[in-house]
*Asks:* 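What follows is a structure written as structure tokens; I'll ask about it next.
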Amino acid sequence: MDRSDLALVLAIRDGGSLAAAAAALEVVPSVVTKRLGALESQLGQRLFERTTRRLNVTAEGETVCQHARSLLEGFAALENELGERQSELRGTLRLAATFGFGRHWLGPALADFNARHPGLEIQLTLAESLPDLGAEGYDGAVWLGAPPQQRAAERVSRRIARNQRVLAASADYLARRGMPADPAALAAHDCLVTRENSEGGEREFALWPLRHARDGSTARVRVRGPLSSNSGELVRDWCLAGRGIMLRSLWDVAPRLASGELVRVLPQYAMPDADLQWIAPWRPRTPRRVRLLIDFLVERFRPEPWKDLSSSRRG
């Protein structure tokens, strides 16, 4: 059997008659009759029972049809993939990302990816909450933290890079209020709470889960302070002005730590589950342009380039 035989059997079964199959295949009915007869002789099996009024698929014919569809889809997928490898990337990539990371790290990365593949159009939307990716036509999102559990079965995710949320304060604040000795001591400090990229309630935002880097022990500290905002950049500005201690992603504060504007507080502790994730709507086959973008982002961010910034001052 070859591909044309598989297509013939499916056309007859789906059309319900030899005449309908002939119309679908754009041949005359006699050609369909002749080809079907030759195929049944080759297989030694009757695939369709035919009368002057009706055409019914046999059990053997149904088995051939079931395999034929998957085989034809496999041939088409193989041809498409080989064709993609021979051609320049074209089309549109629609992406979403969190505001801060999107501006400071993802934007420059996408510009470099576009320079490699100028035939692509890349559309980046910065958002405070994860969009309904499938319904809104996004190819994927670059997001911080664990993917939301709601409708998780409709999404796929992949970690692009590890990331930590770390505690930081200005040297001026620490000179006035002192360095906390342990996580419990944070309750006596002015803590700057960020309410962004989350659906948690107010009490959840002020609950900081911290993990010890060496022994893995955890501490959950409920913090308080006079200032909070849904803008992470505003919270960072307050921190730089000496108004309190904040919990921020290392990629965001690394330059400030390197310059000495900010100081790590309880440097042995960090907030877990703040990794950089690729989140996308589920689809049976990922387009090549999306696969190459994901690989590019992993190559770019897996080394955690922000760590080089935070450690440069010590060097």
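Keep in mind it's a predicted model, so treat the numbers as computed, not measured.
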*Asks:* Donor-acceptor pair, distance only, cut-off 3.5 Å: does the side chain of R291 make one with the backbone of T286?
*Replies:*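 A pair under 3.5 Å: yes.
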
*Asks:* Check the surroundings of atom NE2 in H67: do more than 12 heavy atoms from other residues, nucleotides or ligands lie under 6.0 Å from it?
*Replies:*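 No - once you tally the heavy atoms of other residues, nucleotides and ligands closer than 6.0 Å, there are 12 at most.
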
*Asks:* Can you tell me how far CG of L130 sits from CG of L144, rounded to the nearest 0.5 angstrom?
*Replies:*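 Here the rounded value is 11.5 Å.
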
*Asks:* Could you walk me through whether L293 and I122 pass the side chain to side chain contact (heavy atoms under 4.5 Å, CB included) check?
*Replies:* CA-CA 11 Å; L293 172 64; I122 302 176; 5.8 Å; no

*Asks:* Taking the side chain from R289 and the backbone from T92, do they hold a donor-acceptor pair closer than 3.5 Å?
*Replies:*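 A pair under 3.5 Å: yes.
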
*Asks:* Under 6.0 Å from the CZ atom of R214, do we count more than 12 heavy atoms belonging to anything else shown?
*Replies:* no

*Asks:* Is any side-chain N of the basic residue among D252 and R165 closer than 4.0 Å to the acidic one's carboxylate O?
*Replies:*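 No, D252 and R165 are not salt-bridged.
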
*Asks:* So do the side chains of F48 and N56 get within less than 4.5 Å of each other, counting heavy atoms only?
*Replies:* no

*Asks:* Under 4.5 Å between any side-chain heavy atoms of L210 and L247, yes or no?
*Replies:* yes

*Asks:* Do S157 and W143 have side chains that get closer than 4.5 Å, going by heavy atoms?
*Replies:* no

*Asks:* Heavy-atom distance under 4.5 Å between the side chains of P281 and L133, does that happen here?
*Replies:*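 They are in side-chain contact.
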
*Asks:* How far does OG1 of T98 sit from CG of L276, to the nearest 0.5 angstrom?
*Replies:*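 Output value for this atom pair is 7.5 Å.
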
*Asks:* Tell me whether D112 is salt-bridged to R116, with the criterion being a basic N under 4.0 Å from an acidic carboxylate O.
*Replies:* no

*Asks:* Roughly how far, to the nearest 0.5 Å, is the OG1 atom of T194 from the CG atom of L227?
*Replies:*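 OG1 of T194 is found 11.0 Å from CG of L227.
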
*Asks:* For A20 and G15, work out which heavy atoms get closest and say how close.
*Replies:* CB-O, 3.6 Å

*Asks:* So do V265 and M179 actually touch side chain to side chain, heavy atoms under 4.5 Å?
*Replies:* yes

*Asks:* What's the separation between atom NE2 in H117 and atom CZ in R90, rounded to the nearest 0.5 Å?
*Replies:* 12.5 Å

*Asks:* For R13, look at atom CZ and say whether over 12 heavy atoms of other residues, nucleotides or ligands are found less than 6.0 Å away.
*Replies:*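 More than 12 within 6.0 Å, yes.
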
*Asks:* Please check: side-chain N/O of Y138 versus main-chain N/O of T125, any donor-acceptor pairing under 3.5 Å?
*Replies:* no

*Asks:* Could you check whether E73 pairs with R285 (Lys NZ or Arg NE/NH1/NH2 to Asp/Glu carboxylate O, under 4.0 Å)?
*Replies:*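 No, E73 and R285 are not salt-bridged.
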
*Asks:* Can you establish whether the number of heavy atoms outside R103 located under 6.0 Å from its atom CZ is more than 12?
*Replies:* yes

*Asks:* Please work out whether the ring planes of F101 and W251 are parallel, tilted or perpendicular, with thresholds of 30° and 60°.
*Replies:*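 Perpendicular: the ring planes of F101 and W251 meet at over 60°.
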
*Asks:* Taking NZ, NE, NH1 and NH2 as the nitrogens, is one of them in D295 or R288 under 4.0 Å from a carboxylate oxygen of the other?
*Replies:* no

*Asks:* For a quick test of reading the model, state the closest non-hydrogen atom pair linking L192 to W208 and the distance between them.
*Replies:* O-CZ2, 3.7 Å

*Asks:* Do W238 and M246 have side-chain heavy atoms sitting under 4.5 Å apart?
*Replies:*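 They are not in side-chain contact.
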
*Asks:* Would you check, one step at a time, whether the test side chain to side chain contact (heavy atoms under 4.5 Å, CB included) holds for S249 with W306?
*Replies:* CA-CA 10 Å; S249 287; W306 40 86; over 6 Å; no

*Asks:* Nearest 0.5 Å please: distance from the CZ atom of R35 over to the OG atom of S30.
*Replies:*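 OG of S30 is found 11.5 Å from CZ of R35.
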
*Asks:* Main chain of L120, side chain of N114: is a donor-acceptor contact present, judged purely on distance under 3.5 Å?
*Replies:*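 Judged by distance alone, yes, a pair lies under 3.5 Å.
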
*Asks:* For side chain to side chain contact (heavy atoms under 4.5 Å, CB included), just list the numbers for V64 and D5, CA-CA rounded to whole Å, side-chain angles, deciding distance to a tenth of an Å, and then say yes or no.
*Replies:* CA-CA 10 Å; V64 172; D5 293 328; over 6 Å; no

*Asks:* Between D215 and S217, does any side-chain donor sit less than 3.5 Å from a side-chain acceptor?
*Replies:* yes

*Asks:* Using the rule given for side chain to side chain contact (heavy atoms under 4.5 Å, CB included), can you reason through C239 versus R256, listing the C-alpha separation, both sets of side-chain angles and the distance that settles it, and then say yes or no?
*Replies:* CA-CA 11 Å; C239 188; R256 311 289 186 171; over 6 Å; no

*Asks:* Evaluate the side-chain proximity of V223 to I245: yes if any heavy-atom separation is below 4.5 Å, no if none is.
*Replies:* no

*Asks:* A side-chain contact here means heavy atoms from C-beta on lying under 4.5 Å apart; do E304 and L250 qualify?
*Replies:* no

*Asks:* If you look at every heavy atom in P209 and L207, which pair is closest and at what distance?
*Replies:* CD-O, 3.2 Å

*Asks:* Taking the side chain from D139 and the backbone from R94, do they hold a donor-acceptor pair closer than 3.5 Å?
*Replies:* yes

*Asks:* Is the number of heavy atoms from other residues, nucleotides or ligands under 6.0 Å of R283 CZ greater than 12?
*Replies:*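 Yes.
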
*Asks:* Would you confirm whether R176, through its side chain, and G242, through its main-chain N or O, come within 3.5 Å as a donor-acceptor pair?
*Replies:*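 Looks like yes, one N/O pair under 3.5 Å.
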
*Asks:* If I take atom CG from residue L110 and atom CD from residue Q123, how far apart are they, to the nearest 0.5 angstrom?
*Replies:*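 Going from CG on L110 over to CD on Q123, the span is 12.0 Å.
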
